[in-house]
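Contents: one structure, followed by commentary.
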Amino acid sequence: MKRSIITFSILLYAIVVPFLEINETHVFNPNWTPHVRIHEVWQLITNSGIGLLCLWLVWVKNEIKISGILSLLVTGGFLIAFMLQEFYGGSMKYLDGSEKTLLGINIGALGFGMAFILVLYILMVERLKGTVNRTKNDI
């Protein structure tokens with residue numbers, strides 16, 4: 001279950017986001033400056049690379065903690081940028097004013113919010129298990 005939840009998070013930022021952004025609304029958007037596009041492509045490549053590393057860590061090395069922390073950094077980074085968007089003039093709306101939503105909630109905030117909470121929960125449970133096991137061994 002832990003691996004599946006972390007994998008869900010990874011698939012969102014390493015595959016789904018690039019799939020949604022390598023098109024005319026983002027990477028090939030004629031209204032974006034070349035400088036903005038290079039940052040977008042850099043972010044997509046970096047996040048996908050982190051995702052590949054996390055998949056290897058979780059499925060080959062059985063390393064839940066590091067993979068989870070890296071996934072929290074990626075998903076949490078988006079959530080912070082989303083919360084601060086008014087401060088720096090960002091928006092999840094397209095130039096035509098539309099926005100991808102599900103149940104009235106932006107799909108990025110919804111997906112990454114769920115992934116963040118689930119991965120954080122897994123890491124907290126793992127931490128508590130480690131504490132209980134250390135306490136039992138000390139007795």
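Heavy-atom basis, side chains included; hydrogens, waters and symmetry copies ignored. Predicted, not measured: the structure shown is a model, and the values here were computed from it.
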Rounded to the nearest 0.5 Å, the CG atom of Leu123 sits from the CG atom of Leu128 at a distance of 11.0 Å
Between the CZ atom in Phe8 and the CD1 atom in Ile5, the distance rounded to the nearest 0.5 Å is 9.5 Å
Item to complete: Establish whether Met114 and Tyr121 are linked, either directly or via other cluster members, by ILVMFWY side-chain heavy-atom contacts under 4.5 Å.
Response: no
Exercise. Mark yes or no for whether Gln85, through its side chain, and Phe82, through its backbone, hold a donor-acceptor pair below 3.5 Å.
Key: yes
Separation between CD1 (Ile80) and CG (Leu73), nearest 0.5 Å, reads 9.0 Å
Hydrogens and angles aside, do Tyr13 and Ser71 bring a side-chain donor and acceptor to less than 3.5 Å of each other? yes
Task: Leu55 reachable from Phe19 in the ILVMFWY side-chain graph, under 4.5 Å edges - done: yes
So the salt bridge (Lys or Arg N to Asp or Glu O under 4.0 Å) pairs with at least one residue in residues 2-19 (sequence neighbours excluded) are Lys2-Glu126
Review point. Run the side chain to side chain contact (heavy atoms under 4.5 Å, CB included) check on Leu12 and Val74 step by step: do they pass?
Key: CA-CA 10 Å; Leu12 284 180; Val74 174; over 6 Å; no
| Within-4.5 Å side-chain heavy-atom neighbours: Ile69 and Val119 | no
(request) Please check if Ile50 and Trp56 belong to a single hydrophobic cluster, counting links between Ile, Leu, Val, Met, Phe, Trp and Tyr side chain heavy atoms closer than 4.5 Å. (result) yes
Are any non-hydrogen side-chain atoms of Ile10 and Ser67 less than 4.5 angstrom apart? yes
task: For the residue pair Phe116 and Leu120, establish whether any side-chain heavy-atom pair is separated by less than 4.5 Å.
output: yes
Quick check: do Thr75 and Ser9 have side-chain heavy atoms less than 4.5 Å from each other?
yes
Sequence neighbours excluded, the answer for ring pair (Phe, Tyr, Trp, His ring centres under 6.0 Å) partners of Phe112 is Phe78
With heavy-atom distances below 4.5 Å as the criterion, would you say the side chains of Phe28 and Ile22 are in contact? yes
Notebook entry, point to check: Side chains of Val58 and Glu63: does their closest heavy-atom pair fall under 4.5 Å?
Noted result: no
Partner of Gln43 under side-chain contact (heavy atoms from CB on, under 4.5 Å), picked from Asn47, Ile45, Thr46, Val41, is Asn47
### Query
Are the side chain of Thr101 and the backbone of Asn106 linked by a donor-acceptor contact shorter than 3.5 Å?
no
All heavy atoms of Pro30 vs all of Glu24, minimum pair found to be CD-O, 4.2 Å
Side chain to side chain contact (heavy atoms under 4.5 Å, CB included) for Glu99 and Tyr94? Distances and angles first, verdict last. CA-CA 6 Å; Glu99 181 177 12; Tyr94 296 106; 5.7 Å; no
*For side chain to side chain contact (heavy atoms under 4.5 Å, CB included), just list the numbers for Leu118 and Ile122, CA-CA rounded to whole Å, side-chain angles, deciding distance to a tenth of an Å, and then say yes or no.*
CA-CA 6 Å; Leu118 290 170; Ile122 286 171; 5.6 Å; no
Problem set entry | Cluster overlap Met124 with Ile6, hydrophobic side-chain contacts below 4.5 Å | yes
Check: Does atom CG of Leu20 have more than 12 heavy-atom neighbours, drawn from other residues, nucleotides or ligands, at distances under 6.0 Å?
Finding: yes
Check your understanding: Does one hydrophobic cluster hold both Val17 and Leu102, with members joined at side-chain heavy-atom distances below 4.5 Å?
Key -> yes
Does a side-chain heavy-atom distance below 4.5 Å link Val27 with Leu44? yes
One should read off an interatomic distance between His39 NE2 and Thr33 OG1, to the nearest 0.5 angstrom, of 8.5 Å
Main chain of Trp59, side chain of Asn62: is a donor-acceptor contact present, judged purely on distance under 3.5 Å?
no
Exercise for the section: Kindly indicate whether the side chain of Lys100, heavy atoms from C-beta on, has any atom under 4.5 Å from the side chain of Ile107. Expected result: yes
